[in-house]
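As structure tokens, the structure follows; a few thoughts come after it.
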Amino acid sequence: MRSNYLDELNDIQRQAVTNTSGPVMVIAGPGSGKTRVLTYRIAHLIEKGVDPFRILSLTFTNKAAKEMRERIEHVIGGEARNVWMGTFHSIFARILRQEATKIGYPSNFTIYDSSDSKNVVKQIVKELELNDKLYKPSTVFNRISAAKNNLIGPQKYREDKYLVSDDSQSGRPKIAEIYALYAKKCFQSGAMDFDDLLFKMYELLSTHPEVLHKYQHKFNYILVDEYQDTNFAQYLITKRLAAVHENITVVGDDAQSIYSFRGADIQNILNFEKDYPDMRTFKLEQNYRSTTHIVEAANQIIALNKNQLPKTIWTDRQGGDKIKVVKAVSDNEEGRIVADTIFEYQMRLHLRSDDFAILYRTNAQSRSFEEALRRQNIPYKVFGGLSFYQRKEIKDLLAYLKLTVNHNDEEALRRIINYPTRGIGDTTLDRATVLASERGTNLWSILSTIQFQPDFNARAKNLIEEFVMMIKSFATMLQTMNAYDLASHIAKHTGIMKELYTDKTVEGISRYENIQELLNGIKEFSESDEIAEGETVSDRSLGTYLQDIMLLTDTESDKDDTNRVSLMSIHSAKGLEFECVFAVGLEEGLFPNQMSVNSREELEEERRLYYVAVTRAKSHLFLTYALQRYRFGNLIYSEPSRFIEELDEKNLEFIGHKVRRAEPTSGPDTPWERSGTRTTKETPGKSLYERPGAAQRQATPNFTPAAHTPSADFKADDPKTIQAGMEVEHEKFGIGKVVSLEGDGNNRIATLFFAGIGQKRIMLKYAKVRIVSGGAE
DNA sequence: GATATGTTTTTTTTT
DNA sequence: AAAACATATC
């Protein structure tokens with residue numbers, strides 16, 4: 001245990017860490033050391049003798065949970081792994097795994113992701129012979145999901161006048177019925193969807209007082225991160241769990257509430273005081289992350305919102321770069337400019353690739369940036385979007401594994417009963433489906449007793465029996481083999497391996513590799529003996545593995561993903577920080593998004609999202625927009641976002657296009673003006689503003705990525721005048737000596753030697769180097 | 001019942 | 001533009 005950790009905190013932070021008992025609310029502005037407070041608070045509790053097993057720490061994302069665990073481990077060591085720490089979903093899944101049988105589920109229940117859920121809905125709409133144009137899976141599912149997040153079950157839904165009349169007004173009166181069937185089907189399949197992990201957790205606690213009692217007493221201290229993002233279910237569960245000890249700490253920032261579409265209710269944090277009148281509040285208002293221009297802009301943005309807790313975020317990182325507003329002609333040019341700028345900044349300021357992030361409103365925007373970065377040979381990593389576990393080949397193999405563990409899993413069954421093709425087609429399956437619903441049972445019990453069912457021809461019966469036998473034989477092996485051996489056996493035996501191996505197209509090869517990677521992942525899981533579970537011995541069964549990975553967004557294999565530019569949605573960037581941030585696609589209709597400009601509440605949430613994007617940046621922030629881009633395959637014209645206008649020009653610098661070729665034509669920063677009215681379509685054309693040449697830029701006084709501070713009169717010399725043997729001053733590395741030179745003109749590269757740092761190869765075009773001696777001044 | 005070809009829809013954000 | 005979906009053909 002590091003003993004001096006309290007010294008690393010400011011006054012308020014320290015109070016927030018050391019006031020350990022009773023309800024505590026920490027309102028934490030962006031970059032105010034929120035995670036630090038949370039982790040040190042946990043560390044402090046453990047140091048004061050609290051058993052790590054009795055601390056429950058809930059986060060929203062795996063990323064946040066992982067980071068927190070690592071940081072606590074850093075402060076207090078190995079004991080950190082005993083803290084119950086994870087996402088709401090994963091912690092509740094873990095508890096449900098243990099208690100499932102009490103609410104009629106098998107402990108190896110399957111978890112359905114949203115595409116599984118939508119398939120179930122689709123199936124029901126088909127069975128009820130409803131209009132599938134009206135009852136779209138996503139629409140219906142969102143309705144069901146919202147109900148669950150508000151702890152409304154099928155019965156309550158049917159009785160809720162408001163909900164029912166809402167549905168009939170939108171022409172979908174059957175939603176209540178679909179919901180009931182959906183719930184029944186999931187139950188019969190031994191499956192829970194994401195929302196069930198909350199909903200069933202609540203059900204468990206309310207119907208089983210002894211279970212509630214057990215966990216209420218077990219968790220002596222409860223901490224919730226990003227409390228502004230909790231929905232009603234999460235709110236009520238934590239409230240009940242905390243009811244005995246009332247040692248509940250919530251940390252959050254109402255200004256960063258961006259998940260209302262998932263049922264998050266900002267009132268949960270605004271009403272914390274009502275729930276716990278004797279609570280204490282700590283407001284962290286000092287931002288340690290960003291420079292003044294960025295913090296001022298952020299304050300400006302959020303001031304336009306009505307509904308919020310008052311606070312003043314400030315920084316002492318004076319000065320720094322202004323926020324650069326960049327106009328591009330098209331989405332592709334936007335990509336190019338960003339990639340070029342990243343290259344330039346890497347050269348000029350010696351930033352690493354992982355100092356950069358490109359943040360967008362919708363995942364579909366990543367394409368143009370990926371292309372441009374690839375062309376520049378800049379390594380990058382795309383977060384979100386289609387995750388590893390959503391790929392077809394992965395889902396196929398996983399479906400076999402799921403079905404082996406849980407025969408009742410109908411989604412898994414439907415997915416692979418005829419893959420690879422074994423002659424069991426739609427006709428047969430439809431017949432079995434009808435039979436199952438007539439008998440009020442599930443598909444598997446029809447199939448596993450197929451020889452006793454009429455209505456099937458001999459061929460179909462035999463094929464089905466063969467399939468059932470195969471799955472059963474896999475299930476037997478569950479007892480004798482470890483997860484990895486079984487998974488490879490299944491992959492081979494079912495012919496999946498062979499089918500992918502014979503496919504020699506590029507996609508085929510990558511699919512084969514993905515299967516290999518999945519198998520490796522399973523191997524790693526089954527061999528790791530890390531005990532991270534609570535009182536139970538860690539469970540390395542295939543069932544646990546399957547539940548775990550359903551809650552992962554991605555493989556999160558940190559083998560090769562260090563030092564890359566991050567591409568992600570603004571939503572997934574919450575909680576992160578980068579030296580240099582590009583907030584891209586600032587166009588009307590895209591950001592703020594078309595879907596979110598119809599009410600004040602929606603627009604305010606978009607603005608909070610904008611606030612999150614802006615406050616990710618430590619030193620450099622770019623806001624970019626494109627005048628035209630492709631959407632659904634056709635070209636659309638857009639206007640700069642109103643969000644740009646909402647900022648104060650004193651924090652901005654406006655930049656047109658043309659980046660690389662820009663030689664010294666620097667003019668004064670020109671105030672930016674909106675072109676015509678909002679409805680005018682702008683013609684793509686020449687930029688009005690040239691970018692100042694890199695070599696002519698003023699050194700930014702307060703930007704100090706490294707120890708060296710350039711002398712006050714620092715002014716870069718013309719690269720052409722640099723000679724080998726000269727003594728020079730570099731903006732970042734200080735005084736050094738020119739060892740050698742290569743290339744000519746614009747692309748001159750110098751090898752410089754700095755005492756204490758070593759040799760650096762530097763492109764003179766981008767670096768600012770001043771001649772100290774050995775040449776003409 | 002499987003495969004080839006044409007048609008329609010999709011995009012907001014995530015566990 | 002790409003993927004999911006529906007219809008035609010073998």
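Source: prediction; values computed, not measured. Protein chains get the first letters and strands the later ones, always in sequence-line order, with residue 1 at the start of each.
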side-chain N/O [X] vs [N] OP1/OP2, d < 4.0 Å:
| X | N | result |
| --- | --- | --- |
| A:T428 | B:dG1 | yes |
| A:T61 | B:dT14 | no |
| A:N62 | B:dT15 | no |
| A:T421 | B:dG1 | no |
| A:K136 | B:dT10 | yes |

Measuring from the side chain of [X] (C-beta onward, heavy atoms only), which nucleotide among [options] has the closest atom?
| X | options | answer |
| --- | --- | --- |
| A:S114 | B:dT10, B:dT15, B:dT13 | B:dT15 |
| A:N418 | B:dT13, B:dA2, B:dT11 | B:dA2 |
| A:Y259 | B:dT14, C:dA1, B:dA2 | B:dT14 |
| A:T427 | B:dT14, B:dG1, B:dT15 | B:dG1 |

Under 4.0 angstrom, heavy atoms only, what part of the nucleic acid is [X] near: base, sugar-phosphate, or nothing?
| X | value |
| --- | --- |
| A:N149 | nothing |
| A:S596 | base |
| A:D113 | nothing |
| A:S145 | nothing |
| A:Y630 | nothing |

Rounding to a whole Å, what distance do you find between [X]:[atom1] and [N]:[atom2]?
| X | N | atom1 | atom2 | value |
| --- | --- | --- | --- | --- |
| A:I258 | B:dT13 | CD1 | P | 12 Å |
| A:Y419 | B:dT3 | OH | P | 12 Å |
| A:N142 | B:dT10 | CG | C1' | 14 Å |
| A:E370 | C:dA2 | CD | P | 13 Å |
| A:R94 | B:dT15 | CZ | C1' | 17 Å |
| A:R422 | B:dA2 | CZ | C1' | 15 Å |
| A:R459 | B:dG1 | CZ | P | 7 Å |
| A:F60 | B:dT14 | CZ | P | 14 Å |

Practice task
Would you please indicate yes or no on a ring centroid separation below 6.0 angstrom for A:H571 and A:F261?
Solution key: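 Here the rings of A:H571 and A:F261 have centres that are less than 6.0 Å from each other.
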Handout entry: Pairing of A:E466 and A:R422 as salt bridge, 4.0 angstrom limit
Key =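 Salt bridge between A:E466 and A:R422, a charged N being under 4.0 Å from a carboxylate O: no.
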Exercise for the section: Taking only Lys NZ, Arg NE, NH1 and NH2, and the carboxylate oxygens of Asp or Glu, determine whether A:E410 and A:K185 approach each other closer than 4.0 Å. Expected result: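 A salt bridge links A:E410 with A:K185.
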Exercise for the section: Taking salt bridge (charged side-chain N to carboxylate O under 4.0 Å, His left out) as the test, write out the residues that go with A:R391, two or more places apart. Expected result: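 Scan of A:R391 (salt bridge (charged side-chain N to carboxylate O under 4.0 Å, His left out), adjacent residues dropped) gives none.
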Exercise for the section: Write down the partner of C:dC5 under the Watson-Crick or G-U wobble criteria, each distance required to be under 3.5 Å. Expected result: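 Here C:dC5 is engaged in a pair, and the nucleotide opposite it is B:dG6.
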Problem - Identity of whatever pairs with B:dT15 - Watson-Crick or G-U, under 3.5 angstrom - result: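 None - no nucleotide pairs with B:dT15, as no candidate has both distances under 3.5 Å.
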Exercise for the section: With C1' as the reference atom in both, quote the distance from B:dT11 to C:dA6 in angstrom, rounded to an integer. Expected result: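 It works out to 22 Å between them.
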Practice task
Take atom P in C:dA4 and the same atom in B:dT13, then report the distance between them in whole Å.
Solution key: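 My reading of the P atoms in C:dA4 and B:dT13 gives 16 Å.
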Exercise for the section: Using the test ring pair (Phe, Tyr, Trp, His ring centres under 6.0 Å), find all partners of A:F643 that sit at least two apart in sequence or belong to another chain. Expected result: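 Only A:F591, A:Y610 meet the ring pair (Phe, Tyr, Trp, His ring centres under 6.0 Å) criterion with A:F643.
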Handout entry: Charged tip of A:R262 within 45° of A:Y259 ring normal and under 6.0 Å
Key =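 Judged by the rule, A:R262 and A:Y259 form a cation-pi pair.
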Problem - Axial cation check for A:F383 ring with A:K63, 6.0 Å and 45° limits - result: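 Yes, A:K63 lies over the aromatic ring of A:F383.
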Exercise for the section: Report the residue (A:A460 or A:M550) whose heavy-atom-nearest nucleotide on DNA chain B is the more 5′ of the two. Expected result: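 Comparing both residues, the 5'-ward one is A:A460.
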Problem - Toward the 5' end of DNA chain B, by each residue's nearest nucleotide, A:G425 or A:N593 - result: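 The residue whose closest nucleotide sits nearer the 5' end is A:G425.
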Practice task
Begin from the C-alpha positions of A:N332 and A:S330 and carry the test side chain to side chain donor-acceptor pair (under 3.5 Å) through to its verdict.
Solution key: CA-CA 5 Å; A:N332 285 327; A:S330 65; 5.1 Å; no
Exercise for the section: Measure the acute angle between the ring planes of A:Y157 and A:Y179, then classify it against the limits of 30° and 60° as parallel, tilted or perpendicular. Expected result: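 Rings of A:Y157 and A:Y179: perpendicular, over 60°.
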Output a table of nitrogen or oxygen pairs between the protein and nucleotides 5-7 of chain C separated by less than 3.5 Å.
unit_1 : atom_1 : unit_2 : atom_2 : d
C:dC5  : OP1    : A:K122 : NZ     : 2.7

